[in-house]
**Q** 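I am attaching a structure below and will ask some questions about it afterwards.
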Protein chains: 2
Amino acid sequence: MEKIPLPTVRRLPAYLQILRAEQSRKKEWTSTTMLSESLRLKAIQVRKDMSYASCQGRPKKGFNTSECIRRIEHILGLANDCEAVLIGVGSLGSALLKYDGFSRYDMYVGAAFDSSPFLIGTTIGEVKVHDVDFLETYIRRTAVSYAILTVPETGAQEIADRLIASGVRGILNFSSTYLKTPEHVIVRRDDLALSLVQLKAEVKFHQKPEVIISRPSHPIT
Amino acid sequence: MEKIPLPTVRRLPAYLQILRAEQSRKKEWTSTTMLSESLRLKAIQVRKDMSYASCQGRPKKGFNTSECIRRIEHILGLANDCEAVLIGVGSLGSALLKYDGFSRYDMYVGAAFDSSPFLIGTTIGEVKVHDVDFLETYIRRTAVSYAILTVPETGAQEIADRLIASGVRGILNFSSTYLKTPEHVIVRRDDLALSLVQLKAEVKFHQKPEVIISRPSHPIT
DNA sequence: GTATGTGAAACCATTCACAGCA
DNA sequence: TGCTGTGAATGGTTTCACATAC
């Protein structure tokens with residue numbers, strides 16, 4: 001199989017979303033043009049990505065929607081349900097527990113953890129909140145590989161260490177901390193403030209580039 | 001002034017965070033080594049970024065912390081406070097209103113908007129919730145340039161259109177919708193489910209690359 | 001004609017190698 | 001020796017040009 005560039009892999013979920021929408025509208029074929037217009041990407045890039053993903057289309061028609069969906073789902077490993085745990089049931093943590101979007105990619109939050117006696121035992125958005133002392137036991141028992149970290153900054157590193165020691169391979173970190181983790185663990189940092197300031201910086205450069213930045217091809221928005 | 005690569009611009013806020021922490025610890029000088037270890041970046045990359053940002057350091061000492069902070073703040077345009085509005089006071093919207101991290105980058109949410117009579121008039125985390133009908137008036141009056149969109153998918157495009165018509169230049173979109181926007185508006189999409197599935201995909205490729213992906217140098221985690 | 005497919009070229013970012021300075 | 005600074009080389013991604021299929 002061919003080598004797929006990381007940026008391409010990151011765009012695949014976006015294609016998947018559009019393709020699924022097309023499928024639910026009973027469209028058998030989806031063209032590059034359609035995908036590129038929906039996602040604001042250059043048509044040529046979509047075609048190249050499809051080619052990397054070994055999706056094959058037909059001239060004049062486009063790509064077979066269902067087949068393409070299957071290919072992408074396979075590459076992303078979405079075939080079967082995938083559980084994540086969430087640690088830190090503050091306002092952001094609670095919002096994520098109520099969030100229903102994860103199922104779009106066949107993922108779900110199976111359990112939440114906190115140390116507050118007021119929260120332990122409660123259920124938020126169908127997810128039960130456990131005592132954080134139970135964290136290691138739960139992860140080992142269920143062999144969960146992914147964790148969503150919504151704890152205050154000060155506790156983030158400690159919890160991360162415990163997650164990793166218990167076998168977690170991927171951490172979605174919403175705290176502003178930069179976690180120290182071993183090579184084999186992937187951390188993705190989703191810093192809300194950072195998102196906003198990056199947006200601001202890009203707007204600034206876009207309108208009056210007193211500092212000139214390159215705009216090779218912006219990521220999917 | 002020199003052209004700064006977009007990836008560099010995106011790393012600047014991270015440097016800023018570390019530099020500020022150093023400053024508050026009264027460290028006059030900050031070295032590349034220190035920055036690179038904190039952020040898990042290669043030292044050479046940090047130096048190159050600093051060079052792009054026209055920060056100049058001294059051999060053996062490093063970079064002057066305060067001066068470097070000023071440079072980066074200037075490039076990112078953080079000099080003065082910057083307001084954003086938030087639309088959609090659901091659970092995620094509320095969490096963001098209570099979130100106190102924006103001030104790290106001298107930004108704040110000045111007003112929130114929703115259509116629910118139960119929310120209009122209330123104050124969440126010091127931010128007042130207004131009737132969404134008041135949106136255009138508020139934006140025009142205060143000349144706000146940034147908006148955080150935490151509305152359900154179905155309403156996202158309509159609100160975006162109204163924001164843009166009122167003069168907003170940057171939208172932080174938390175809905176899963178891909179917005180159609182004119183060239184001059186920057187949209188940054190922060191899809192929570194997408195983050196998790198991207199994390200999963202990267203973990204998958206990292207452990208058993210049946211599909212091989214390139215790993216040039218991952219973004220800051 | 002219209003849309004896919006692919007090797008080559010262009011472009012951008014990262015890394016290297018080595019220079020300079022305290 | 002330890003750290004910054006920079007032009008050149010490398011590596012990866014996007015884009016182009018053109019071939020191909022219906």
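Order of the sequence lines fixes the chain letters, A, B, ..., with proteins taken first and strands second; residue numbering starts at 1 for each chain.
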**Q** Measure from the side-chain heavy atoms of A:T32 and tell me the nearest of C:dA3, C:dT15, D:dT14.
**A** C:dA3

**Q** Relative to the 5' end of DNA chain C, which residue comes earlier, B:D49 or A:G57, by the nucleotide with the nearest heavy atom?
**A** A:G57

**Q** Starting at atom NZ of B:K60, determine the distance to atom P of C:dA22, rounded to an integer number of angstrom.
**A** 13 Å

**Q** To the nearest 0.5 Å, tell me how far B:I18 CD1 sits from B:L39 CG.
**A** 4.5 Å

**Q** Charged N to carboxylate O under 4.0 angstrom, A:R25 versus A:E22?
**A** yes

**Q** Could you tell me how far apart B:M50 (CE) and D:dG5 (P) are, to the nearest whole angstrom?
**A** 10 Å

**Q** Is the shortest distance from a Lys or Arg side-chain nitrogen in A:E202 or B:R10 to a carboxylate oxygen in the other one below 4.0 Å?
**A** yes

**Q** Distance check needed: D:dG5 P versus B:F63 CZ, whole Å only.
**A** 5 Å

**Q** Atom CZ of A:R58 to atom C1' of C:dG5: distance rounded to whole Å?
**A** 15 Å

**Q** Considering only side-chain heavy atoms of A:R11, which listed nucleotide, C:dA17, D:dT14, C:dA13, is closest?
**A** D:dT14

**Q** Please tell me which of A:K48 and A:P59 maps to the more 5' nucleotide of DNA chain C, matching each residue to the nucleotide holding its nearest heavy atom.
**A** A:P59

**Q** Starting the side chain at C-beta, find the nucleotide from D:dT6, D:dT14, C:dT14 nearest to A:P7.
**A** D:dT14

**Q** Under 4.0 Å between a side-chain N/O of A:K61 and OP1 or OP2 of C:dT4, yes or no?
**A** no

**Q** Atom CH2 of A:W29 to atom P of D:dC22: distance rounded to whole Å?
**A** 11 Å

**Q** Determine, for B:E67 against B:R71, whether the closest basic-nitrogen to carboxylate-oxygen distance falls under 4.0 angstrom.
**A** no

**Q** To the nearest Å, give me how far apart CE (B:M34) and P (D:dG2) are.
**A** 19 Å

**Q** Rounded to whole angstroms, how far apart are CD on B:Q56 and P on D:dT4?
**A** 13 Å

**Q** Can A:R40 be said to sit on top of B:Y178's aromatic six-ring, NZ or CZ under 6.0 Å from centre and within 45° of the ring axis?
**A** no

**Q** What's the CD-P distance between A:E67 and C:dT4, to the nearest Å?
**A** 14 Å

